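Heads up: the structure comes next, in structure tokens.
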Amino acid sequence: MDILKLKNVVKIYKMAGGGTFEALKNINATFSAGELVSIVGESGSGKSTLMNLIGGLDSDFEGEISYRGKNLRDYTAQELADYHKKSIGFIFQNFNLIPHLNLIDNVALAMTLSNVDKETRVKRAKELLEKVGLKDHLYKKPDQISGGQKQRVAIARALINDPDVIIADEPTGALDAETTDNVLALIKEIAQSGKLVLMVTHSDRVAAHCTRVLRIDNGELVSDEVTGKLEPLATRTEHDAIEVKNMSLFNAIRLAFLNMKAKLGRNTLVAFGTSIGIMAVVLMLSIGRGVTTYIKDTMNSYTNPNVTEVHRQSMMPDPDKQPDMDDHAEISRMQQNNMAALTGSGTDNDFTTKDITKLKTIKHVDRLEKGYSTLSLGTNSVSYGDKNATIMTLQTMSSNITKSSIVSGKAPGKDEVLLDKGTADLLAKNIVGKEVTFKLTIDGKQVEQKLKVSGTYEQQGSNFSTAIVRYSDLKDIFAQNGQTLKPNVVYLYTKDKDNTEKIKDEVKKLGFSGSMQETMTEMFTKMMDVISYVLAAIAAVSLVVSAIMILVVLNISVVERTKEIGVLKALGARRKDIRRIFVSEAFLIGLSSGILGVVLTWILQVLVNHFTVAQFEVPVVMMTTNYILTGIVISVVISMLAGLLPADRASKLDPVEALRKE
Ligand SMILES: Nc1ncnc2c1ncn2[C@@H]1O[C@H](COP(=O)(O)OP(=O)(O)OP(=O)(O)O)[C@@H](O)[C@H]1O
């Protein structure tokens, strides 16, 4: 049965300088199954060129090379890949085994590229290795066996997908006489099993074993002689037809992994280099978070977690709202506003009944406390005997002042006042229980009121001298002086402190503001966020260096593995498959760098926090799952981007040139 037909085949090489070279001239021949054909000729006569054309490694020719009726020139890229996988098996003079794969993986390579399941391919590879006498060497690497053994592995590899045609380019060229006979016997058996074997040789002794000899001279077929006939083997083993699919991503990653393992030292160094950049990025983000959390916690530790303090307008000027510098009226209006907001004076700060209703109906609010707070410079004071202390903050009692902050005495009852410890100490040593004279200015009028000191309390994050009285008492004092006290601060109490955040959000949505501490914390958090992102971005610059390093290493890898890429292509790897293997390698480098970077950051976190906790009782580095994922994703993306160029270069290598590479 005719398998291959060559009709007027002409191969013209185009030279770099513009000239051409006719390497094959009008070749005509027909080949059938079961033939063992040797192709002989002087060096440079065109034997390898012809084999490359028949093997589908080079489709740039004139004339016709038909495999089972279809001209190879008309094959699509996918059909060519399938042709390599299913119909052709290559055996090379220099074996071309892949050094980092064991014998089973080497033999099974074409099946791996065809996505055959592991069990089937390992079973078939073992069978073939056993058949070529290498049963005891299955798990060795190519550099652990002899030349003859290597060629037997290559023969097994060529047979794995049970192809119709075996192309052997000087299969015994690198072997001694005895091993040659051994290998020839195997090749003969292949032909006897019904395959067409085309073998390039320089040796007459080898040619003498064949059933047909084609002689090529200077690109021309000068003779085509039938010299014998082979007895077909009685016991031909039939295999289930192998379903040829495309290589899976998993197999590409596996091949990439095996190669990386072979170059462990180099890859570890690259991963380590990249991981330092990743570590810097994750560390900056984690420190930013650690610092803001510390500030937030410190601020919040002064207030009752169940209480939300509400103001009608922000006590801090909005940095985004800058007045027009030429509009003096606008500037002074804003300054007045800011001052009023800060001191709690002016009607803009007073809550209306409508406001109170709105706030009361917020979900989870169990109690609403009205309050009043005012900041004054020198107009309010408290005196005891001949001692006098200015009160800067006058505020009303609320649940926001926790029992724990009261250091002596108790919260103010009727006609009582709670003083901050600093002010209390200024008046007398044991002021608690004593009566003091409270002087305050209401609507420009000096008012005096006797009050008993109920206790002293620890200041809450400010150094302003403070007096705290009951809202009802202050209301009375105002009323006695013809004024109505309107709340300018409201405290929302919830039983479950987990609801406080939700309430705070809702308060903001309704257009109200939080406490001064909260506003300051928010501003600080925003600032820290910006700083830590900027620092992380600066750290990320080092990743550019890492990307270049990965690019260089992968490029070296492509150069080193040019021949391997040629072999993979001869075995049916498509461009896409080769690209996938290299991109997978970049992916693995990125993944390991990312993981290493995160682990390094974690170690630093433990060390740094150990120190800061001992010194300041706070952990400064706070890694989160998000930062960990960010670090790993950045690392993978950068490596894969860096891997694209080398992968593309590898995929575009010409198989013939790649295989010729010394
Ligand atoms: N890419 C190429 N560009 C130009 N000329 C080429 C190219 N490849 C091969 N040739 C030329 O084509 C001719 C045939 O080369 P080929 O490798 O097929 O010879 P060969 O018979 O296999 O030789 P050998 O036995 O030494 O391997 C040679 O003269 C070679 O210089």
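Counting starts at 1 for both ligands and their atoms, in listed order. As the structure is a computational prediction, the values presented were derived from the model and not from experiment.
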Any side-chain heavy atom of Arg579 sitting closer than 4.5 Å to one from Asp648? yes
Thr49 heavy atoms within 4.0 Å reach ligand 1 at atoms 14 (C), 15 (O), 16 (P), 18 (O)
Show the atoms of ligand 1 that are less than 4.0 angstrom away from any heavy atom in Ala23. 12 (O)
When you check the gap from the basic side-chain N to the acidic O, do Lys70 and Glu79 get nearer than 4.0 Å? yes
Side-chain donor-acceptor pair present, Asn251, Thr112, cut-off under 3.5 Å: no
Looking only at protein heavy atoms, which one is nearest to atom 17 (O) of ligand 1, and what is the separation? Arg660 NH2, 3.0 Å
For atom 22 (O) of ligand 1, decide whether some protein heavy-atom distance is shorter than 4.0 Å. yes
Working to the nearest 0.5 Å, report the span between CG of Leu629 and OG1 of Thr624. 8.5 Å
Atom 28 (C) of ligand 1: any protein heavy atom closer than 4.0 Å: yes
Under 4.0 angstrom from ligand 1, any heavy atom of Glu657? no
Report the part of Ser48 (side chain from C-beta onward, or backbone N, CA, C, O) that has a heavy atom under 4.0 Å from ligand 1; answer both or neither where that applies. both
Flag Gly44 as yes when one of its N or O atoms lies below 3.5 Å from any N or O atom of ligand 1, and as no otherwise. yes
For His202, take its heavy atoms, then give the atoms of ligand 1 lying under 4.0 Å from any of them. 25 (O)
For Glu560, is there an ion pair with Lys263 - N to carboxylate O distance below 4.0 angstrom? yes
Nearest protein heavy-atom contact for atom 30 (C) of ligand 1: which residue, which atom, what distance? Phe21 CE2, 4.7 Å
Does Leu109 offer a backbone N or O that forms a donor-acceptor pair with the side chain of Arg157 under 3.5 Å? no
Select one of side chain, backbone, both or neither to describe which atoms of Glu42 lie under 4.0 Å from any atom of ligand 1, heavy atoms only. backbone
On the 0 to 90° scale, with breaks at 30° and 60°, tag the Phe90-His84 ring pair as parallel, tilted or perpendicular. tilted
Are the charged groups of Arg205 and Asp181 less than 4.0 angstrom apart, N to O? yes
Assess Ser45 for proximity to ligand 1: is some non-hydrogen atom of it under 4.0 Å away? yes
Distance filter under 4.0 Å to Met15 heavy atoms, resulting ligand 1 atoms: 4 (C)
If you have a sec, work out which protein heavy atom is nearest atom 2 (C) of ligand 1 and how many Å separate them, to one decimal? Tyr13 CD2, 3.4 Å
Pairing of Asp164 and Arg68 as salt bridge, 4.0 angstrom limit: yes
List the closest protein heavy-atom neighbour of atom 26 (O) of ligand 1: residue, atom name, distance to the nearest 0.1 Å. Ser43 OG, 2.6 Å
Quick check: do Ile54 and Leu6 have side-chain heavy atoms less than 4.5 Å from each other? yes
Consider every N or O of Gly46 and every N or O of ligand 1, then say whether any pair is closer than 3.5 Å. yes
